[in-house]
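Here is the naming used below: chain letters follow the sequence lines, and residue numbers restart at 1 for every chain.
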Amino acid sequence: MPELPEVETLRLGLSELLPGRTISTVDFNWPKSFPNSDGDVQRFLIGASVTKIRRRAKVLIIELTTNYSLVIHLKMTGQLVFSSSGKRFGAGHPSDSLVGKLPDKSTRVTLGFKDGSYLFFNDQRKFGWMRLLPTIEIMNLDFFKKVGPEPLSDDFTWQMFRDRLLRRPNSIVKAAILDQTVIAGIGNIYADESLWGAKIHPATRVSQLSPRDFKTLYKELVFVLKLAIEKGGSSDRNYVNAEGKKGSYLSFARVFRREGQPCPRCGTIIIKSRVAGRGTHTCPYCQRIAG
DNA sequence: CACTTGACCTGTCCGC
DNA sequence: TGCGGACAGGTCAAGT
């Protein structure tokens, strides 16, 4: 699921909801979702208050007053949903929200706060994880040492994008932009959407891209990521925001999940194939392999 | 080195 | 209806 725009939407939502709240209970409904969830972890969590929510790539970081942080990766089906009114308080919540229906059978971790509110970590497929680390150690994790630049940061330029891609000249471009060490936060949806926008076939070798291709793909990536954040992300199946509601990017999507429909640019029927081991959506007319 | 496959899991959808 | 297989937003490790 969650790619950069979904995790960023969650960060924005949780930033309005969590800071200042103090953890009072912790339930590990599925211990494997919280590696090393032993008694010590609970002791380190209870009594800690949330100070700030950060994001790096697709990882969310909830900073606590104790100089520890919760580090969370939602992988394919993870959800973080806040409820101000406790558990399963169905009445009074909008029907399009998960709040009020939680916890449920895919709830893996439940954090309770002193004021009676809760944060539920749900994850149908159990690939996601949450763990507690000293805040100063987070950036020493292998993942953070290797991860590439944030595509929406001010100092990320098209030349930087080109140079990082060119480190893998023999890779196909879709695999290269999905590689988190090349650039942070891109996943299958926004890879397909930006490649369509740049009129580049996903299986094109990086070495075959023109200077103009790099520049256009860079612009399209930044464009779709910003648009997706405005739309509250994409809810293909499971994704919901901190209030348990779906994002609306997919109603604006040009190719993703639109196989069999006309290309918005030329009218050719969008096809779905497999590229870089992933389901891939393209316009066979607009996106032809160069070289 | 780069690519593919399999693993980690549950659930849904499609064809027979 | 039931059953088997393919597939789903992500990352790892291992094999070719």
What is the distance from [atom1] of [X] to [atom2] of [N], rounded to the nearest Å?
{"X": "A:Asp123", "N": "C:dG10", "atom1": "CG", "atom2": "P", "result": "13 Å"}
{"X": "A:Leu74", "N": "C:dG10", "atom1": "CG", "atom2": "C1'", "result": "11 Å"}
{"X": "A:Asp142", "N": "C:dC12", "atom1": "CG", "atom2": "C1'", "result": "12 Å"}
{"X": "A:Glu259", "N": "C:dA8", "atom1": "CD", "atom2": "P", "result": "9 Å"}
{"X": "A:Lys32", "N": "B:dA7", "atom1": "NZ", "atom2": "C1'", "result": "11 Å"}
{"X": "A:Leu178", "N": "C:dC12", "atom1": "CG", "atom2": "C1'", "result": "15 Å"}
{"X": "A:Asp192", "N": "C:dG9", "atom1": "CG", "atom2": "P", "result": "9 Å"}
{"X": "A:Arg125", "N": "C:dC12", "atom1": "CZ", "atom2": "P", "result": "16 Å"}

What does [X] touch in the nucleic acid at a heavy-atom separation under 4.0 angstrom: a base, only the sugar-phosphate, or nothing?
{"X": "A:Asp236", "answer": "base"}
{"X": "A:Arg274", "answer": "sugar-phosphate"}
{"X": "A:Gly128", "answer": "nothing"}

Taking the [atom1] atom of each, how far is [N] from [M], in whole Å?
{"N": "C:dT11", "M": "B:dG11", "atom1": "P", "value": "22 Å"}
{"N": "B:dT5", "M": "C:dA6", "atom1": "C1'", "value": "16 Å"}
{"N": "C:dG5", "M": "B:dG6", "atom1": "P", "value": "15 Å"}
{"N": "C:dT1", "M": "B:dT10", "atom1": "P", "value": "27 Å"}

Test applied, side chain to side chain contact (heavy atoms under 4.5 Å, CB included); reference residue, A:His281; option that passes from A:Ile271, A:Val275, A:Asp192: A:Asp192
Mapping A:Lys146 and A:Gln124 to their closest nucleotides on DNA chain C, which lands nearer the 5' end? A:Gln124
Counting only side-chain N and O atoms of [X], is one of them less than 4.0 Å from OP1 or OP2 of [N]?
{"X": "A:Arg278", "N": "C:dC7", "value": "no"}
{"X": "A:Arg168", "N": "B:dC3", "value": "yes"}
{"X": "A:Gln180", "N": "C:dT11", "value": "yes"}
{"X": "A:Ser106", "N": "B:dT10", "value": "no"}
{"X": "A:Lys126", "N": "B:dT10", "value": "yes"}
{"X": "A:Lys75", "N": "C:dC12", "value": "no"}
{"X": "A:Arg205", "N": "B:dC3", "value": "yes"}
{"X": "A:Arg167", "N": "B:dC1", "value": "no"}
{"X": "A:Lys272", "N": "C:dA8", "value": "yes"}
{"X": "A:Lys58", "N": "C:dG9", "value": "no"}
{"X": "A:His73", "N": "C:dT11", "value": "yes"}

Using the ring of each side chain (for Trp, its six-membered ring), is A:Phe28 parallel, tilted or perpendicular to A:Phe34, with breaks at 30° and 60°? perpendicular
Please state whether the rings of A:Phe113 and A:Phe82 are parallel, tilted or perpendicular, taking 30° and 60° as the class boundaries. tilted
Before accepting this row, confirm whether a basic side-chain N of the pair A:Lys126/A:Asp123 lies closer than 4.0 Å to the acidic partner's carboxylate O. no
Are the charged groups of A:Asp236 and A:Arg257 less than 4.0 angstrom apart, N to O? yes
If you define the side chain from C-beta out and look only at heavy atoms, does anything of A:Leu152 sit under 4.5 Å from A:Ile229? yes
One pair to check against salt bridge (Lys or Arg N to Asp or Glu O under 4.0 Å): A:Glu3 and A:Lys58. What are the steps and the verdict? CA-CA 6 Å; A:Glu3 306 181 29; A:Lys58 301 172 189 172; 5.6 Å; no
5'-most contact on DNA chain B (nearest-nucleotide basis), A:Ser171 vs A:Lys105, goes to A:Ser171
Determine whether the aromatic ring of A:Phe127 stacks with the base of B:dC8, defined as ring centroids separated by less than 5.5 Å and ring planes inclined by less than 30°. yes
For B:dC9, which nucleotide in any strand shown is its Watson-Crick or wobble partner with both distances under 3.5 Å? none
